[in-house]
There are 2 protein chains.
Amino acid sequence: MSGPILPANGPAEPERGDAARNRAAILVAARELVAQCGAAALTMDAVAFRAGLGKGTVFRRFGSRAGLMLALLDQSEREFQQAFMFGPPPLGPGAPARERLMAFGRARLAFMDVHGEVERARDLSAAIHFGSAAARLQHTHLEMLLRDGGVPGDARALAYYLAAGFDAGRVAFLLETGEFTHEQLAAGWEQLVDNVLPPLSE
Amino acid sequence: MSGPILPANGPAEPERGDAARNRAAILVAARELVAQCGAAALTMDAVAFRAGLGKGTVFRRFGSRAGLMLALLDQSEREFQQAFMFGPPPLGPGAPARERLMAFGRARLAFMDVHGEVERARDLSAAIHFGSAAARLQHTHLEMLLRDGGVPGDARALAYYLAAGFDAGRVAFLLETGEFTHEQLAAGWEQLVDNVLPPLSE
DNA sequence: AATAGAACCGGACCACGGTCCGTTTATTCA
DNA sequence: TGAATAAACGGACCGTGGTCCGGTTCTATT
């Protein structure tokens, strides 16, 4: 439950020169393959081959397929974090909590439109999936906004339930089957926020 | 978007005698193995061997590992459905929507305490996971209760966000890491319901 | 520059999910 | 009851994620 707020793209301790070089090469190769064939079709063998390395090296650097996907996602995720933590309102600080919560939903859904495929590809492995720094950060952010918005009781638990709505797999499924449109989900979120926060006293 | 309300344990059309027998044998074998080694450690080879059948047969009957898990879950899931659709209040009909929603949360969390492992083992495969009859039924149920409770706007979208909180993987992760206790999640759900529904006019 | 030792590399290897197709078996109908 | 047909069976086979360990390469120390 500790560690850096914003997840870094590199490892905690500095690696040897060749290791760092290889890590970069692997990321480049993976990005190219995703762009070319899609995240779902990316195989670890292909990444290793394209990077001109052995498969063992890829696993040594990233631990698993999920870990590699997480690393790929990392940069985009950090931009998103930057936006909701330090960016301009209403997503960033400066707007009332209610507006920020609403903006968060739209922003996250839009994020998934672009990066959802990679996000979805880092399957199972709950520890990596739900325990990632990005996931924690978003949870904490929502909790803070809820508290800020004057919600009574256990803001942390409430934040959990709200955050669960932004599951890449779930959202992708609903959009693909046509069960919901992006707009419906976005509007639903705003309504949820509206109902959860106490009425404005003005 | 059609089909039976309660998912059946067997296939739609009747199968040949031997096929039905084998289906039963596979389910028995799978259940024993789950009881013995846990759902996560269950392999399709082991199931086939224990059932005295070829692997191909197992896949023919259940399509995939996820499908087999779903079948294992099916009976328990149907009991749960029975309870919230026709059982005694407050979970079943007869109580006000607010109480029923609250009871639903507790009941579902308790369900996951028991069956969560199997539920979690039917990984990925969004179509099977999120599109299952049980998932749809719960979603519809929540939607109905929300509408019944007088929630304004798009009850369906709201129901989606509420249902997302009951993800076996998510819940298991939170409980295992000690981030939340069962009770905190249950209480959080009740608070969420309380906040989402319009205040009682009495 | 030489040496020691840790870190890293590679690719053979394993386990598991899933597919395929030749063979076997249940059912139907004459 | 026997032939015809459709369905089911089995297990060899494949691709992929992940592991392992002997050999190699980098870095620190003197």
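Rounding to the nearest 0.5 Å gives a distance of 13.0 Å between CG of Leu192(A) and OH of Tyr161(A).
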Atom pairs under 3.5 Å: protein N/O with N/O of nucleotides 3-7 of chain C:
unit_1	atom_1	unit_2	atom_2	d
dA7(C)	N3	Arg16(A)	NH1	3.0

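Both tests do not hold together for Arg65(A) against Phe59(A): distance to the six-membered ring centre under 6.0 Å, angle to the ring axis within 45°. The cationic atom of Arg100(A) (NZ for Lys, CZ for Arg) does not lie both less than 6.0 Å from the six-membered ring centre of Phe84(A) and within 45° of the ring axis.
Residue contacts for Gly17(B): at a heavy-atom cut-off of 4.0 Å it reaches the sugar-phosphate backbone alone, with no base atom in range.
Taking atom CG on Leu68(B) and atom P on dG18(C), their separation rounds to 10 Å, with Å as the unit. Between the P atom of dC16(C) and the CG atom of Leu33(B) lies a distance of 12 Å, rounded to the nearest Å. Taking atom CG on Asn22(A) and atom C1' on dT25(D), their separation rounds to 11 Å, with Å as the unit. Atoms CD1 (Ile26(A)) and P (dC8(C)) sit 12 Å apart, rounded to a whole Å. What separates CG of Leu42(A) from P of dT16(D) is a distance of 11 Å, to the nearest Å. Per the geometry, CG belonging to Asp45(B) stands 12 Å off P belonging to dG11(D), to the nearest Å. The distance between atom CE of Met44(A) and atom C1' of dA12(C), rounded to the nearest whole Å, is 17 Å.
Residue Glu143(A) is tested with Arg147(A), His141(A), His139(A) for a side-chain hydrogen bond (donor to acceptor under 3.5 Å, both in side chains); the sole match is Arg147(A).
Closest to the Phe59(B) side chain, of the nucleotides dG10(C), dG17(D), dT19(C), is dT19(C). Closest to the side chain of Asp18(A), out of dC8(C), dA12(C), dC16(C), is dC8(C). Closest contact between the side chain of Leu53(B) and the listed nucleotides dG10(D), dG17(C), dG11(C) involves dG10(D).
In summary, Arg16(B) and Asp18(B) engage in a salt bridge, as defined by a charged side-chain N under 4.0 Å from a carboxylate O.
Nearest-nucleotide positions on DNA chain D for Gly56(A) and Ala41(A) put Ala41(A) closer to the 5' end.
A side-chain donor from one of Thr177(A) and Glu179(A) sits under 3.5 Å from a side-chain acceptor of the other.
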